[in-house]
Asker: 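Could you have a look at this structure, given as structure tokens, before my questions?
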Amino acid sequence: VEHREALSSFPLAEWHQRLMGRDCQTSDSTYRSYLSNELKVLDKESGSWWDTEVDGWAAGLSGSAQRVDASIRRSYSQGFLLDESLIPPERHVTDDDCTSAGIARDAR
């Protein structure tokens with residue numbers, strides 16, 4: 001809960017804001033409905049992180065977990081089945097990113 005504010009400011013085209021809201025935090029049906037009807041990421045034949053997130057892993061025995069091939073490394077968009085426009089570009093963290101997030105770089 002203490003990380004909710006920091007996570008809610010992450011630049012993800014605002015699709016994640018709804019998931020951070022109390023209605024999705026307290027209601028499984030609201031959560032599933034948003035993922036299925038709005039984001040359209042549930043019940044895909046190839047499976048996604050979201051399917052396993054709502055079905056549970058069950059030691060790899062749940063229906064969605066059985067569709068996960070752990071030997072294949074998927075990209076973020078493949079694993080989460082999100083539209084590319086909803087995913088920020090992958091790049092190295094810059095000094096500006098750290099400053100805007102109010103965090104310090106690792107001192108190595």
Side-chain angles (χ1 to χ4, degrees):
V1 173
E2 69 262 8
H3 298 294
R4 188 175 291 170
E5 187 174 324
L7 290 172
S8 68
S9 66
F10 196 77
L12 292 174
E14 298 185 19
W15 61 265
H16 73 297
Q17 295 286 346
R18 177 87 186 273
L19 295 175
M20 302 298 293
R22 185 147 178 81
D23 59 336
C24 281
Q25 298 287 319
T26 59
S27 170
D28 186 58
S29 63
T30 301
Y31 183 67
R32 283 178 183 265
S33 175
Y34 180 67
L35 294 175
S36 183
N37 299 331
E38 301 290 326
L39 293 181
K40 301 183 182 346
V41 294
L42 289 184
D43 303 320
K44 304 282 184 172
E45 285 186 29
S46 61
S48 76
W49 180 88
W50 301 106
D51 288 314
T52 304
E53 160 38 26
V54 296
D55 287 349
W57 183 250
L61 300 177
S62 72
S64 60
Q66 290 181 6
R67 293 192 306 261
V68 173
D69 184 346
S71 69
I72 298 173
R73 182 178 173 97
R74 293 180 173 185
S75 70
Y76 191 90
S77 60
Q78 291 168 330
F80 284 88
L81 294 178
L82 286 168
D83 184 282
E84 293 281 335
S85 67
L86 300 176
I87 302 171
E90 290 186 48
R91 60 178 173 72
H92 293 288
V93 175
T94 66
D95 289 335
D96 288 340
D97 294 330
C98 293
T99 301
S100 68
I103 57 175
R105 279 201 180 267
D106 282 340
R108 290 186 190 183

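We number each residue from 1, following the sequence as shown. The analysis underlying the following values was restricted to heavy atoms, covering all of them including side chains, and did not include hydrogens, waters or symmetry mates.
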Asker: Do T99 and T94 come within less than 4.5 Å of each other through their side chains, counting heavy atoms only?
Answerer: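 Counting from C-beta outward, T99 and T94 never come under 4.5 Å.
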Asker: Can you tell me how far apart OG (S64) and CG (D51) are? Round to the nearest 0.5 Å.
Answerer: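 So the OG of S64 and the CG of D51 are separated by 5.5 Å.
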Asker: Between S48 (side chain only) and V41 (backbone N and O only), is there a donor and an acceptor less than 3.5 Å apart?
Answerer: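 Yes: the side chain of S48 pairs with the backbone of V41.
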Asker: What I want to find out is whether R18 reaches D23 closely enough, with some N-O distance under 4.0 Å, to be called a salt bridge.
Answerer: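 Yes.
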Asker: Would you check, one step at a time, whether the test side chain to side chain contact (heavy atoms under 4.5 Å, CB included) holds for L35 with L19?
Answerer: CA-CA 9 Å; L35 294 175; L19 295 175; 4.0 Å; yes
Asker: Quick check for you: to the nearest 0.5 Å, what is the distance between D69 atom CG and R74 atom CZ?
Answerer: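 The CG atom of D69 sits 8.0 Å away from the CZ atom of R74.
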Asker: Parallel, tilted or perpendicular for W50 and F80, by the 30°/60° rule?
Answerer: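 W50 vs F80 ring planes: perpendicular.
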Asker: Kindly compute the distance separating OG (S33) from CD (E38), expressed to the nearest 0.5 Å.
Answerer: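 That separation rounds to 7.0 Å.
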Asker: Can you name the nearest heavy-atom pair linking R32 to V54, along with the distance?
Answerer: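 In terms of heavy atoms, the two residues are closest at NH2-O, 3.0 Å.
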Asker: How long is the gap from CG on D83 to CH2 on W15, to the nearest 0.5 Å?
Answerer: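 Here the rounded value is 11.5 Å.
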Asker: Check whether S36 reaches the backbone of L42 with its side chain - one donor and one acceptor, N or O, closer than 3.5 Å.
Answerer: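 Not a single qualifying donor-acceptor pair exists.
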